[in-house]
Number of protein chains: 2
Amino acid sequence: MASRVTDQAVYDAALEVIAEQGYERATTRAIADAAGINEATLFRRFVSKENLLRQAVRGNFAGFSLDLDAPGDDVAADLLTIVGYYSSLYERRGGVVLTLMREAKFSPEVAAVLAEPESLLEKVDAVILHHQRRGALVVEPPRHTFFALIGPVMMRALARRVDRRATQAPADPEAVVRRFLDGHRSLER
Amino acid sequence: MASRVTDQAVYDAALEVIAEQGYERATTRAIADAAGINEATLFRRFVSKENLLRQAVRGNFAGFSLDLDAPGDDVAADLLTIVGYYSSLYERRGGVVLTLMREAKFSPEVAAVLAEPESLLEKVDAVILHHQRRGALVVEPPRHTFFALIGPVMMRALARRVDRRATQAPADPEAVVRRFLDGHRSLER
DNA sequence: CGCTGATGCAAGTGGACACTTGCATGAACG
DNA sequence: CGTTCATGCAAGTGTCCACTTGCATCAGCG
């Protein structure tokens with residue numbers, strides 16, 4: 001009675017197609033084909049394209065959380081946790097998350113799906129604020145620090161998928177943090 | 001005999017709508033409305049949506065070139081030229097260029113339009129190689145250096161349009177270059 | 001004033017695509 | 001063996017959108 005093709009297999013196919021073509025251009029037809037099921041079956045089982053994406057994202061990124069509740073005295077360690085997390089997030093499943101982030105600005109559907117794990121960012125803000133108060137980081141809007149920190153990782157991940165001439169290895173979180181802290185230090189008078 | 005609404009005014013409207021909604025979601029209807037002309041007129045004058053974009057981009061970004069033909073002895077100065085250029089490029093016209101870059105990966109139309117000014121990147125590669133040979137920059141694929149350098153500028157510009165909690169001022173090219181060079185230095189043993 | 005040509009307007013064409021539906025098949029389960 | 005139910009298949013619906021077309025208008029120009 002269960003489906004021959006498992007839900008997870010459909011999620012895999014969907015994320016793969018979406019990573020390659022983007023959510024809007026990924027037709028339900030193409031996803032169904034990639035999963036080896038009929039398009040009608042896809043809708044019978046997953047209701048809508050948006051719902052399929054939501055379930056696929058939940059299933060594949062939910063258990064994957066950031067362990068940062070107790071920021072410590074070691075900035076470098078905490079930043080490394082953050083960078084490491086985002087780095088592996090961007091590397092997962094062919095970089096779907098980056099693809100979705102790009103589309104989120106113009107597609108309310110995608111934005112809605114992505115809004116769920118958004119709360120992570122608030123954890124990150126808290127950690128950055130903590131270290132700013134300790135004097136270990138320059139005081140500026142935490143999102144600013146976050147973007148400056150994550151920038152190289154994201155750029156590298158994006159570049160890798162866009163520009164054949166860019167380095168093809170993912171960024172090394174330790175090097176990123178070190179570079180960030182060194183550059184950062186020079187900003188304090 | 002000339003058109004009441006100038007071509008330039010139509011380009012302005014098109015770029016504005018596209019910056020807000022993205023190329024694919026920006027309907028020709030919406031662009032025509034924004035320009036204050038009829039949709040039929042838009043097609044009679046500009047042939048196709050893609051062609052309109054191409055002319056708009058050419059008209060608005062062509063004369064805007066990178067003056068870098070003779071790299072000098074001063075890395076900081078050359079990097080500043082590069083960062084300054086891209087920074088103002090990303091700030092122009094509500095950030096259309098960034099919007100288009102996002103879409104380029106999945107839309108062959110947009111990619112084709114963007115390919116024209118692409119040759120700039122080769123100039124940049126040359127400058128970076130020059131300074132690598134001089135020993136002023138770590139030797140790595142030039143695109144890698146480029147993305148590490150431009151990353152903060154781009155991230156900041158993107159963040160500004162996506163995240164209300166991010167800083168709302170554009171990145172300061174001088175600070176970016178300084179931070180980059182300081183962090184860079186620490187990578188050399 | 002009469003011609004030309006660009007425009008507005010309204011209706012339409014064609015294709016892409018999310019989503020539906022009716023029917024036949026075939027596997028699992030009692 | 002017969003019922004059930006998810007599936008495949010094929011055709012179809014509705015919508016959106018780039019692009020077209022026919023016609024009336026109206027400004028500029030000789």
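Proteins get letters first, then strands, A, B, ... in listed order; numbering begins at 1 in each. Just so you know, these numbers use all the heavy atoms, side chains as well, and skip hydrogens, waters and symmetry mates. None of the values given here were measured: they were computed from a predicted structure.
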Could you write out each protein N or O paired with an N or O of nucleotides 22-24 of chain C at a distance under 3.5 Å?
| from | atom 1 | to | atom 2 | distance (Å) |
| --- | --- | --- | --- | --- |
| C:dG22 | O6 | A:R44 | NH1 | 3.3 |

Inset, instruction - Report, as yes or no, whether the 6.0 Å neighbourhood of atom CZ on A:R29 holds more than 12 heavy atoms from other residues, nucleotides or ligands. - result: no
Inset, instruction - Identify, residue by residue, the members of residues 22-32 of chain B with a heavy atom below 4.0 Å from DNA chain D, and return them in order of residue number, or none. - result: B:A26, B:T27, B:T28
Under 3.5 Å, which N/O atoms of the protein pair with N/O atoms of nucleotides 11-15 of chain C?
none

Legend entry - Distance (rounded to the nearest 0.5 Å) between A:F46 CZ and A:Q55 CD: 6.5 Å
Inset, instruction - Would you give the length of the straight line joining atom CG of B:L79 to atom CD1 of B:I128, rounded to the nearest 0.5 angstrom? - result: 7.0 Å
Grab the [atom1]-[atom2] distance between [X] and [N] for me, whole Å please.
X: A:R4; N: D:dG8; atom1: CZ; atom2: C1'; result: 9 Å
X: B:I37; N: D:dC19; atom1: CD1; atom2: P; result: 14 Å
X: B:L53; N: D:dA18; atom1: CG; atom2: P; result: 13 Å
X: B:N51; N: D:dA18; atom1: CG; atom2: P; result: 15 Å
X: B:L42; N: D:dC17; atom1: CG; atom2: P; result: 15 Å
X: A:D33; N: D:dG8; atom1: CG; atom2: P; result: 11 Å
X: B:R45; N: C:dG5; atom1: CZ; atom2: C1'; result: 13 Å
X: B:F43; N: C:dA6; atom1: CZ; atom2: P; result: 18 Å

Inset, instruction - Check step by step if side-chain contact (heavy atoms from CB on, under 4.5 Å) holds for B:L53 and B:L100. - result: CA-CA 10 Å; B:L53 174 64; B:L100 293 175; 4.1 Å; yes
Legend entry - A:V138 vs A:T145, side-chain contact (heavy atoms from CB on, under 4.5 Å): CA-CA, chis, key distance, verdict: CA-CA 8 Å; A:V138 166; A:T145 301; over 6 Å; no
Legend entry - Closest nucleotide among C:dT7, D:dG8, C:dC9 to the B:N38 side chain: C:dC9
Legend entry - Qualifying ring-ring contact (aromatic ring centres under 6.0 Å, His included) pairs, either residue in residues 17-45 of chain A, two or more places apart: none
Inset, instruction - Would you mind reporting whether B:Y90 and B:M101 have side-chain heavy atoms less than 4.5 Å apart? - result: yes
Legend entry - Side-chain heavy-atom pair B:D182, A:D182 within 4.5 angstrom cut-off: no
Legend entry - Lys/Arg N to Asp/Glu carboxylate O, A:R178 vs A:E174, below 4.0 Å: no
Inset, instruction - Please name all residues satisfying salt bridge (Lys or Arg N to Asp or Glu O under 4.0 Å) with B:R25, sequence neighbours left out, ordered by chain then number. - result: A:E24
Legend entry - Any pair counted as salt bridge (Lys or Arg N to Asp or Glu O under 4.0 Å), so long as it reaches residues 98-110 of chain A, sequence neighbours left out: none
